[in-house]
Every structure is written in structure tokens, then in C-alpha cells.
Asks: 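Can you keep this structure in mind? I'll have questions shortly.
Since the model is a prediction, treat every value here as computed from it, not as a measurement.
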Amino acid sequence: MLQVNATGVERYNPRDKEPYWQKIWDERQTFVAPNDDDRERCYVLEMFPYPSGRIHMGHVRNYALGDVIARYQRAKGKNVLHPMGWDAFGLPAENAAIQNKVHPKAWTYQNIAAMRDQLKSMGLSIDWTREFATCDESYYHQQQKLFTDFLKEGLVYRRKSRVNWDPVDQTVLANEQVIDGRAWRSGAIVEQRELNQWAFKITDYAEELLTAIDTLDGWPEKVRTMQRNWIGKSEGLRVFFEIEPTDKTNETALEIFTTRPDTLYGASFMALSPDHPLTAELAANNEALAAFVAECRRHGTATETLEKMEKRGFDTGVTVKHPVIEGATLPVYVANFVLMDYGTGAIFGCPAHDQRDLDFANAYKLPVTPVVLPHDADPETFTIDDEAYVGPGKIFNSGPLDGLSIEEAKDAIATTLESRSLNGQPQASRQTNYRLRDWGLSRQRYWGCPIPVIHCDTCGIVPVPDDQLPVTLPEDAKFDKPGNPLDHHPSWKHVTCPDCGNAAVRETDTMDTFVDSSWYFARFTAPDASTPTDPAMADAWLPVDQYIGGIEHAILHLLYSRFFTRAMKRTGHLNLDEPFKGMFTQGMVTHETYKSEKGDWLSPEEVSFETVDGKRRATEISTGKTAVIGAVEKISKSKRNGVDPDEILKVYGADTARWFMLSDSPPERDVEWSEAGIEGAARFTQRIWKLVGEAAPVIGGEPQSAGEPDSDTLELLKVIHRATDQIGTEIETLKFNRAVAQIYELTNALVRFLPLTAESPDASRVTALRTGVENLIQLIAPMMPHLAESCWETLGKEGLVCDAPWPEADPKYLKDDSVTLPVQVNGKKRGEITVAKDADKALVEKEALSLDAVARMLDGSSPKKVIVVPNRIVNVVV
């Protein structure tokens, strides 16, 4: 039975309308982007999803944001590329194969099919003809070609690396997968092993990647800062400390890199990484040190872990001569917080001016000598207790450096040590260091892109020839024992060397999945090309005009993509440096959390609510017991506070979900999902439908020539054209919530004006109403595309609204003859006045002083002063 509202307009039914329009778009291939189209190009891309099997509300928000931009730019007459693919390789599929006895390929493609249907139900303007998954042989074939090209250019190499090794699962673990010394999945005690690993030479581009950040004007400053910090350029001093003679080692000097040579007079110890070569030499003859090193390695080297863990050390008994204090020596420790892969793997500790060093010094009762004096401190009384001083100041307690600034002291100490000789070389040299390390890409797993290399005892490392690519994954791999199924396979790895014909072995490691996502944006420009790219098409479409994704990918994914773009340029696959012109990181979707009395997490569907004495209470439905309403947090499986997009789309429709995601808060901030919010969005959907349905008979028929508009009509025209002008600007600057506010204002104005026109339908009113309703439909089309198409059809308009050009604002209606000024009394707002633009100062003063709130505060007396900022503000000083 049809639902009809009070005015006789049938209620909008998204369950019927949305599939209907999606089918039409699909049949007409509305959103296919031809490569041979001469129109201005615009490339809009959201970070492609991992096919876990179901989309979540974060996907809904991410893809709704991108779709608004794509549809808007299309309406502006551009040839818009808006593709979709799947980041499909990775460990979850392999784990699913083990747990569910299903092949990773079958599991992955089943999930892709399910998620594709879900995404299509959102009405996204995707060019599905360009779809691919990174596990498609046609995709990783070209990725292998890129690898061999990079190998020929020296951009990828094999090295020995110390890794976290899970002895049960027999795989390498990332630092984040080591928890309290144990593997995150198997629970085994993690071992440190040296393995041959492939790595990209991203450090060759460290300086270029850093300096080019300044050119990325379309990126958020927060993301640019994160990139800078990860590359981590530091100017410092390479210093050799002379090791005092000892029977523990034959080494004569210990090399360190420091960015704070100005604090050398405050040094009280040296510290080595557990992986430093000198540590290994000393531990070979010291069981206690060897045990300490083994304990350090069980905790991984993740930065967050190191910052939180207790600072521990082992005194090796070795000492070094202090480089600037005659006769002084410094003890050499092995410390659990020193990393081998930054600097030289050794440091000098100045506890007074580094919190980590201070924590260590206090734990081992080492001297703490401040050498930087804050500008307002007394050198006689200034001391350091539990908090290191890391601010500005003058050097003191440092002999010849006393009174210098920090920068002056750095230069002075460098000059001094550079002039000295130790073991036939300068004791120090100025040096630039980077935190960035080469990108290790080897993974000991099946479900990834095979590394196209053959190991031959005669020829060494041999890249797989182009005519033997792709190296495909064997379909008959077994997952019934720990380790890499490719390594266990009885035949897959055994091949003949393409150079000499002798028996050889394939590389059994696969590539890090970050590789798959580091060039996919380029493949979308020519997904069927027989080479990694069609360079002409890549150069025509790239860089991506607007890239959208989560802040969690702001470092590695973006940095690796920037490196890949440069490496692909060097190997002739494209001709640009930066992949993404505009970058936007959307906020998360959050929701309240709920717990049972026992402390178990409850989903929103398991809880009911009521308000008692003005307080909201929750009840666990299954038990009738009180449930605890917790904090609003990011939607996650572990806390069970997720909302099922399928259910939302089924009940409310895609347009309502999209509208809620766009309207509730600025897109860079988190959005809290709420029933009240989605219901409000649903009501607005019906309000638009009702407005158009009621307006259609009023504005139908042949347009009549309109006379001069009356004041009401003129006011409406100003609202229409102001909204038309501003909404486009808000979309271009990704201020979607402000665009939504303009749409609300326009809708309200049209709802007020409709009955006036119905009662007195003169030509000027009908024309204004028609313009307003048509513009409104076009303005909501990027956000609520199905509703817009239905409204467009209701008006009897030809074609699809998504094909209609973006409406143009008439400049004559953008000029406001009046301005509204806030009126303050002693700096606090007390009211507003509306006056003619550029009104005489005396008139503005008179209007401001006549406000009731101002008159009450003056109480008959004159103000001390009235400050008028023309067309901006009035401030009355009492």
C-alpha cells in the first residue's frame, strides 16, 4: 500500500527508487571515463578497501565524500575518473584459509563480490569498467615487471636484516606484532634472526621526498608534518670517542651521531644498541650480557614500546675518554632503548637535557650535569630532578662554551673536534642524517605478489625474464603446517636458471602489501595495458586531483606512493614526481559503547533505552539488567559498537546515510553515529520530496515572461543565487557540512515561498520558484543522487540530473544592499542591527544605541565611546 502524506504527495520510497536509478546509470554507462575524451580531466580517488567481506560505516563516509566531489566536477563539465579496486593480498586471507579450510583466492573473491554489491547500493559514481584487485594475475604481473625494472636500476636490493621471528608460525613479525616479547598470534617467544630480505632504496630519495613536501599545497599541514617527521632529517655531528685500552675488545674508538653536540660537557655515559657489533663482541665472552641482549630482543623495537618500557642497561666494564673534559671517562652500557637502525647504534647520554637519558641515569645513579641554562634561571641554583630541560637557553658548566647560545655552541664544539685527530682521522665531522630507512618488502607468506627472482648457484640472483612473467601463485598450495606454503611446495620453487640452464630455486618470499597500494592509482589510468602503465595516459590523468583516506595511512602509504612515482619515472613508466595533488584525511565514525553488568561488550542492537527523571538509562534486552553506557569511541569489532551499513541502507536508503555523513560535522572531524541523526536525515529527505511534489503543479507549464520581482521574490532570488554560488565553493574546499547548511537555508526559503506562489501565481513568482526548485535538485544531486534523479523526473525534466550542467549564480543577486552588524557593549555581544551597506557612521551609531539591551546598560547616560568598523561591527564603550 502506498504511503501518502497529508498533502497527497506519495512518500519517497528509497527501496524502490535507488535500485531503479542505479540500474539506469549502469545500463547507460553514465560514469565511464573515456581516455579519448578531450574535456578537462579530473581524477578523484578514495583509498581502495581491503576485501574483508563487509563494508563498515567508515567506508560509507569515505566513499560518500569522494562521490560528492566526483559528481560535482562532472556537473562542472569535466571528464571525471572515479575508479574502484581492491587491496586484496595480505595475511587475513591466509589466516582464513587456515581457520576455515578455504583457499585464500576463493575467500578473497567471494568477499570482493559481496562488498562490490554493497558499494553499488550506495549509488557511487564509479567507473566499474576499470575495476581490478591487486591479487589479479594481470595486476601483479605488471607489479613484477616494475620490480625487475627497479632491480636493473639499482632501486631494489637484497640485504641481511635482523628481524623478529615467530618460531611457531615461522614468519617475520613487524614490531607492532610483538607484544610483551611474544608473537601476537601464536604467543611464541619471539626470536631475533638475521635473514636475507629484499628492500627498496627509498633512502636515495630522502632529501627529494623531504623538500618536495613544501610543494604539496593541497595536503593538510598535519599530514605534511607527519611525512617530514618520518623522513626525520637531522643536522648533527659524527664523533669518535676513544676507547680506553681493555682486554674486552680490540676496538679503539666508538662512533656516535648526535644532534646536540652543545651538551657534550653534560655527558655521563655511553650506550650501545643490543644489536651493535661491539655489543656482540662483548657478549660473546659475557653470559650475563648475552642474556640481557636476548631479553631486549624479546620486546621488539617499536618506537611506542621503547618509549613506554622501563629504561634498562648493562654496564660492559668498557670506558671511553671524554672528548672535551681532560682526564674524565664515561662508562659504556648496553641499553634497551638504543636502536641500531638510527645513527650508528650508539649514543652519548646527557641526562639533564634528554628525558630518556635522564630516566636511565636516575635508574643507575649516574651524574646529571645541566649545561643549558633557561633564560630566567639562576646558574647557582638551577638543578634537574625528574624532568629534563629541553628548552632554549645559554650554555653553562661547559668551560669555553659558557655564555654561548645553543647554535653557537654546536658550531664551536664541532670546529674544535674537527681540528683534532684520532686514529689518523678527524675526531668529528658534520653530518646530515635521516630517520628514514630503506623499505624492507620481503614477507614469508603465500598470499602476496611473488618476488620475480631466481637464485642460481652459478649465476647468483637472476631476475625472471619479461617473457616468463607473471610468476603466478600455485593453486595447490597447502596451509596445514606453519611457515611459508611457497617454501613447502614440492615443485613450485624448483626451476631452471634462465641464464645458464642449471637447476635453480625461485624466491619464495612475497611482497609487502604496501607495494600493491603504492602504484594502483597509476594502473587505473590504463588498467588493461600490457605494460604497467600507458605512459601517455598516466601523464594525462595524474596526479590524482583529490585523494581521500584515513589519517592512519598518512605516513607509510603516502610516502611509499611518492617513492614509487619517482621510481616509475626513472624507469620510464610515467613522467611526474608527485602522485596526489590534493590530499584529504576524513575523521572516523564513532558510536557510544555499551557493557553488560559483567563487563562484556554489547552491540547497539542488544540494548534498549529509556529516560527516567531526565536521565538516559540503558538495559540489556536479553537479561533485563542495567547496561552501562560508555564513552563514544571509534567503531570497532572488538568493542561491538558498530552499525551495519546494510541495515541502514535497507531501512533508510543510501541517500539518507550519505546525507547524515555529510551534514553532521566537518569531514575532517569524527562523526558520531546516532539514531536521532539518521532519523533527522530521513525526515529531510521526505521534506525535499514533498516540496518538489507540491511545487511541480505550480511551476509546470510553459514559462511566462516575468516582470519586476516584488520584495518577497527578490529575497528568494538572493537566497537561491547565494546558495548556488556558495555551495559549489564549499564542495571544492571540502566543507560539505557548510554546503549542507546552505541547502537547509534554501529549502526553508522555498517551503515558505511555495504557498505565496500557489495563492498568487504571477509570472515572476513562478519563475523564481521554478529556478529555486530546479537549482535545489541540482545542488543536492552530488549528495543525494537518487532523490535528485527522482525529483528531476517529477518535474518532467529531460535526461538525467547527473548529466545536467552545474547551475550558475546570477551575479546581480549576489550583491547585498544591507548588512547585519553585531553590537557589543564593552566587548560583549548584546544584539544586532541591520543597516544599509556603507551606511553613514552617525546612522549606525544611532541604530546601535537604540537597541533595548544597549539602552538598558547606558541607563540614560552617554557612552564613553562608540567604535564603528564599517560593515563589520559596532562596539559601545560604557
Asks: Side chains of H82 and E46: do they bring a donor and an acceptor to under 3.5 Å?
Replies: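 Note: H82 and E46 side chains meet the donor-acceptor criterion.
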
Asks: Return yes if some donor-acceptor pair links the side-chain N/O of R658 with the main-chain N/O of M783 below 3.5 Å, else return no.
Replies: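 A pair under 3.5 Å: yes.
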
Asks: Atom CG of residue position D38 - does it have more than 12 heavy atoms of other residues, nucleotides or ligands inside 6.0 Å?
Replies: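 No, because the 6.0 Å sphere around CG of D38 holds 12 heavy atoms or fewer from other groups.
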
Asks: Decide whether Q227 and R562 meet the rule of one side-chain donor and one side-chain acceptor closer than 3.5 Å.
Replies: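 On atom types as modelled, these side chains qualify, holding a pair under 3.5 Å.
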
Asks: Quiz question: by atom type and distance under 3.5 Å, do the side chains of W806 and Q778 form a donor-acceptor pair?
Replies: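 Q778 and W806 do not have a side-chain donor-acceptor pair below 3.5 Å.
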
Asks: Going by distance alone, is a donor N or O of one side chain under 3.5 Å from an acceptor N or O of the other, for D67 and S125?
Replies: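 Yes.
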
Asks: Do D646 and R54 sit within salt-bridge range, that is, some charged N less than 4.0 Å from a carboxylate O?
Replies: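 The answer is yes: the pair qualifies as a salt bridge.
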
Asks: Below 4.0 angstrom, N of the basic side chain to O of the carboxylate: do R566 and E578 qualify?
Replies: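 Yes, charged N to carboxylate O under 4.0 Å.
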
Asks: Can you see whether R445 engages N95 through a side-chain donor-acceptor pair at a distance of less than 3.5 angstrom?
Replies: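 Side-chain D/A pair, R445 to N95: absent.
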
Asks: H553 vs H557 aromatic rings, parallel, tilted or perpendicular, using cut-offs 30° and 60°?
Replies: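 H553 and H557: perpendicular rings.
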
Asks: Does a side chain donor of either Y109 or D136 reach within less than 3.5 Å of an acceptor in the other side chain?
Replies: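 Looking only at side-chain atoms, D136 and Y109 do form a donor-acceptor pair, the distance falling under 3.5 Å.
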
Asks: Give, for atom OG1 of T510 and atom CH2 of W447, the distance between the pair rounded to the nearest 0.5 Å.
Replies: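 The OG1 atom of T510 sits 11.0 Å away from the CH2 atom of W447.
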
Asks: Shortest non-hydrogen contact from T134 to F89?
Replies: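 It is O-CE1, 3.3 Å.
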
Asks: Should we say atom CZ of R39 is surrounded by more than 12 heavy atoms from elsewhere, each under 6.0 Å from it?
Replies: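 More than 12 within 6.0 Å, yes.
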
Asks: Any idea how Y520 and F48 line up, ring-wise: parallel (<30°), tilted (30 to 60°), or perpendicular (>60°)?
Replies: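 Because their plane-to-plane angle is under 30°, the rings of Y520 and F48 count as parallel.
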
Asks: Taking atom types as modelled, find out whether N79 and E40 have a side-chain donor-acceptor pair closer than 3.5 angstrom.
Replies: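 Per modelled atom types, N79 and E40 side chains form no pair under 3.5 Å.
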
Asks: Is there a side-chain contact (heavy atoms from CB on, under 4.5 Å) between Y547 and V44 once you walk through the steps?
Replies: CA-CA 6 Å; Y547 195 39; V44 179; over 6 Å; no

Asks: Rounded to the nearest 0.5 Å, what separation is found between the CH2 atom of W219 and the CD1 atom of I213?
Replies: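 Output value for this atom pair is 8.0 Å.
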
Asks: Tell me the closest heavy-atom pair linking Y140 and C449, and the distance in Å.
Replies: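 Taking Y140 first and C449 second, the nearest heavy atoms are CB-SG, 3.7 Å.
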
Asks: Under the criterion side chain to side chain contact (heavy atoms under 4.5 Å, CB included), which of I780, V801, T656 is the partner of L787?
Replies: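 Going through I780, V801, T656 one by one, the side chain to side chain contact (heavy atoms under 4.5 Å, CB included) with L787 is satisfied by I780 alone.
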
Asks: Could you go through the side-chain contact (heavy atoms from CB on, under 4.5 Å) check for C135 and K105 one step at a time?
Replies: CA-CA 8 Å; C135 63; K105 184 175 182 178; over 6 Å; no

Asks: Nearest 0.5 Å please: distance from the CZ atom of R224 over to the CG atom of L216.
Replies: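 Going from the CZ atom of R224 to the CG atom of L216 covers 6.5 Å.
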
Asks: Please give me the minimum heavy-atom distance between G66 and I548, naming the atom from each residue.
Replies: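 In this case the closest contact between G66 and I548 is CA-CD1, 3.5 Å.
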
Asks: Can you name the closest pair of heavy atoms from P49 and Y63 and give their distance?
Replies: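 Looks like CD-OH, 3.1 Å.
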
Asks: So does I55 get a backbone contact from the side chain of Q118, meaning a donor-acceptor N/O pair under 3.5 Å?
Replies: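 Answer holds: yes.
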
Asks: Considering only residues two or more places apart or on different chains, which pairs with a residue in residues 523-543 satisfy side-chain hydrogen bond (donor to acceptor under 3.5 Å, both in side chains)?
Replies: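 Residue pairs passing side-chain hydrogen bond (donor to acceptor under 3.5 Å, both in side chains), neighbours aside: N35-W541.
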
Asks: Examine the side chains of W689 and E10 and answer whether a donor and an acceptor come within less than 3.5 Å of each other.
Replies: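 Their side chains do not contain a donor-acceptor pair, so the 3.5 Å distance test is not met.
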
Asks: Hydrogens and angles aside, do E592 and Y594 bring a side-chain donor and acceptor to less than 3.5 Å of each other?
Replies: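 Looking only at side-chain atoms, Y594 and E592 do form a donor-acceptor pair, the distance falling under 3.5 Å.
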
Asks: Once side-chain contact (heavy atoms from CB on, under 4.5 Å) is applied, do any residues pair with E552, and if so which ones, sequence neighbours excluded?
Replies: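 Counting only residues at least two positions away or on another chain, E552 forms no side-chain contact (heavy atoms from CB on, under 4.5 Å).
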
Asks: Mark yes when over 12 heavy atoms from residues, nucleotides or ligands other than Q99 sit less than 6.0 Å from its CD; otherwise mark no.
Replies: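 Counting neighbours around CD of Q99, more than 12 heavy atoms of other residues, nucleotides or ligands fall under 6.0 Å, so yes.
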
Asks: Have D512 and W439 got a donor and an acceptor in their side chains that come within less than 3.5 Å?
Replies: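 Yes, a side-chain donor-acceptor pair sits under 3.5 Å.
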
Asks: Between L91 and R443, does the side-chain contact (heavy atoms from CB on, under 4.5 Å) criterion hold? Intermediate values first, please.
Replies: CA-CA 10 Å; L91 198 55; R443 297 295 181 269; over 6 Å; no

Asks: Any chance the side chains of D810 and H721 put a donor and an acceptor closer than 3.5 Å?
Replies: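 The criterion, which ignores hydrogens and geometry beyond distance, is not satisfied for H721 and D810.
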
Asks: Would one find more than 12 heavy atoms of other residues, nucleotides or ligands at under 6.0 Å from atom CD of E679?
Replies: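 It does: E679 CD has more than 12 such atoms within range.
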
Asks: Show your reasoning for whether side-chain contact (heavy atoms from CB on, under 4.5 Å) applies to W25 and H786.
Replies: CA-CA 10 Å; W25 296 330; H786 310 87; 3.7 Å; yes

Asks: For the residue pair T729 and E732, confirm or rule out a side-chain donor-acceptor distance under 3.5 Å.
Replies: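 No.
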
Asks: Going by atom types only, do S517 and D87 share a side-chain donor-acceptor pair under 3.5 Å?
Replies: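 No pair is found: no donor N or O on one side chain lies under 3.5 Å from an acceptor on the other.
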
Asks: State plainly whether the residues K23 and D26 are in salt-bridge range, i.e. N to O under 4.0 Å.
Replies: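 D26 and K23: not salt-bridged.
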
Asks: Does the distance from a Lys or Arg side-chain N to an Asp or Glu carboxylate O, for E793 and K797, drop under 4.0 Å?
Replies: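 No, E793 and K797 are not salt-bridged.
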
Asks: Can you sort out the partners of R61 under salt bridge (charged side-chain N to carboxylate O under 4.0 Å, His left out), two or more places apart, ordered by chain and number?
Replies: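 Result, salt bridge (charged side-chain N to carboxylate O under 4.0 Å, His left out) vs R61: none returned.
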
